[in-house]
Amino acid sequence: MGKVLAFVSGKGGTGKTSTCAAVASCLSAMGDRVLCIDLDVGLRNLDLSLGMGAEPLLPFTDLVRGDYELDQIEPNERLSGLKMLSAPVTIRPEEIDEAAFGRFLDRCREAFDWCLLDAPAGIGAGFRLSALFADECIVVTGGDVGALRDGAAAAVQLRTITDAPARVLVNRVSPKLMRKMQKTVDDVMDTVGLPLLGIVPEDSAVPLASAKDTPLVLYEQSGAARACLRIARRIKGIKTPLTAK
């Protein structure tokens, strides 16, 4: 039985979508069957981070309604174990039937090892839909004090929606801040109130990969790609250090 992971954030600009895509591509590269679902209704862009910007994609609502089956989703051209469903553009998150969505995710658990939900930024209806049926929630935040505070607010909101475990992922960390954070991991966890899943450095390869319509995992020398590979291993329960030695 697969697991559903919800990638959420307290505000925009944390790099949640690119991180969700990078972790998904890493899990796929490790041989797992992975489905990504863009829940950012009306503002979808997960396809660009997955290198699927030029491909025709089904909206997840079509499968929730039963118009299509999971085996009709086309795979990523470079990573055959990776598939994606886009967000619809003509409805609001509040209009999505939560119970039907939950039943749909149960089918996804049977067909995939991992189902990654890319939530919209903020703590509105899309945040709730992402967290409601997740097996684990991953709060993506930046490394500065303000971003960590927003991450803490997102963690508090999660507790009103679900009892699922949650961890924090700190993204876009500068080399100087990275060195500092390696010494203050406990402070990060205390600020957000969640265990630390991983730290991803600021890396120009992330926007470059998106611009070239290429999954980040294929940039093997990228510091962000290596960090996301460590995170993917930790998600799978493989003992892996937070940062490179």
Side-chain angles (χ1 to χ4, degrees), residues 1-10 14 16-17 19-41 46 50 60-61 63-64 70 73 81-85 87 93 96-141 151-152 154-171 189 192-198 200 228-240 242:
M1 183 68 70
K3 290 187 176 181
V4 175
L5 307 178
F7 281 69
V8 303
S9 64
T14 64
K16 169 187 51 61
T17 293
T19 304
C20 175
V23 172
S25 64
C26 287
L27 289 169
S28 177
M30 296 168 72
D32 290 349
R33 299 166 299 166
V34 182
L35 173 66
C36 279
I37 303 179
D38 192 340
L39 293 185
D40 198 354
V41 174
L46 179 63
L50 284 172
F60 71 85
T61 45
L63 283 86
V64 172
L70 290 171
I73 307 172
L82 176 62
K83 296 185 176 182
M84 179 195 162
L85 292 172
I96 296 171
D97 185 323
E98 290 182 349
F101 184 68
R103 292 191 294 270
F104 166 66
L105 290 182
D106 285 338
R107 301 201 303 272
C108 292
R109 289 184 179 92
E110 295 177 358
F112 297 91
D113 299 306
W114 303 98
C115 177
L116 276 61
L117 309 179
D118 179 32
I123 53 176
F127 179 99
R128 171 181 166 80
L129 186 66
S130 301
L132 194 57
F133 303 103
D135 298 304
E136 181 176 357
C137 297
I138 298 171
V139 178
V140 182
T141 182
V156 170
Q157 186 67 18
L158 281 175
R159 296 187 189 103
T160 70
I161 300 172
T162 178
D163 293 327
R167 288 184 278 184
V168 61
L169 188 161
V170 187
N171 191 35
M189 292 189 292
V192 181
L194 296 174
L196 182 60
L197 174 61
V200 180
C228 288
L229 182 58
R230 290 193 294 273
I231 289 167
R233 290 173 60 85
R234 289 169 64 83
I235 286 173
K236 287 168 64 69
I238 302 171
K239 188 174 181 179
T240 307
L242 281 167

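Predicted model only: the values in this text are computed from it and were never measured.
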Check [X] against [Y] and note the closest heavy-atom contact, atom names and distance.
X    : Y    : value
A154 : V139 : CB-CG1, 4.2 Å
T19  : V140 : OG1-CG1, 4.3 Å
S130 : L39  : OG-CD1, 3.1 Å
P120 : F127 : CG-N, 4.1 Å
T14  : S9   : OG1-CB, 3.6 Å
L116 : W114 : CD1-CB, 3.8 Å

Once you round to the nearest 0.5 Å, how far does [atom1] of [X] lie from [atom2] of [Y]?
X    : Y    : atom1 : atom2 : value
C115 : L105 : SG    : CG    : 5.5 Å
C20  : L5   : SG    : CG    : 8.5 Å
L85  : T61  : CG    : OG1   : 9.0 Å
T141 : L169 : OG1   : CG    : 9.5 Å

Do the non-hydrogen side-chain atoms of [X] and [Y] ever get within less than 4.5 Å of each other?
X    : Y    : result
L229 : M30  : yes
F112 : V34  : no
R167 : L194 : no
V168 : P195 : no
D97  : V64  : no
L35  : I37  : yes
V4   : L117 : yes

### Query
Are K3 and E136 ion-paired here, with the side-chain N under 4.0 Å from a carboxylate O?
no
### Query
Looking at D106 and R103, does any basic side-chain N land under 4.0 Å from a carboxylate oxygen?
no
#### Entry: Any residue meeting ring-ring contact (aromatic ring centres under 6.0 Å, His included) with F60, in chain and number order, not counting sequence neighbours
F101
### Query
For K236, does the NZ atom have more than 12 heavy-atom neighbours from other residues, nucleotides or ligands under 6.0 Å away?
yes
So, does [X] use its side chain to make a donor-acceptor pair with the main chain of [Y] at under 3.5 Å?
X    : Y    : answer
K16  : A119 : yes
R234 : T240 : yes
S28  : A24  : no
D38  : D40  : yes

### Message
Any donor-acceptor pair under 3.5 Å linking the side-chain atoms of D118 with those of T17?
### Response
yes
### Message
Tell me every residue that passes side-chain contact (heavy atoms from CB on, under 4.5 Å) with R128, counting only those two or more places apart in sequence or in another chain.
### Response
E98, L132, I161
### Query
By side-chain contact (heavy atoms from CB on, under 4.5 Å), which residues pair with C228, not counting sequence neighbours?
A22, V23, C26, V200
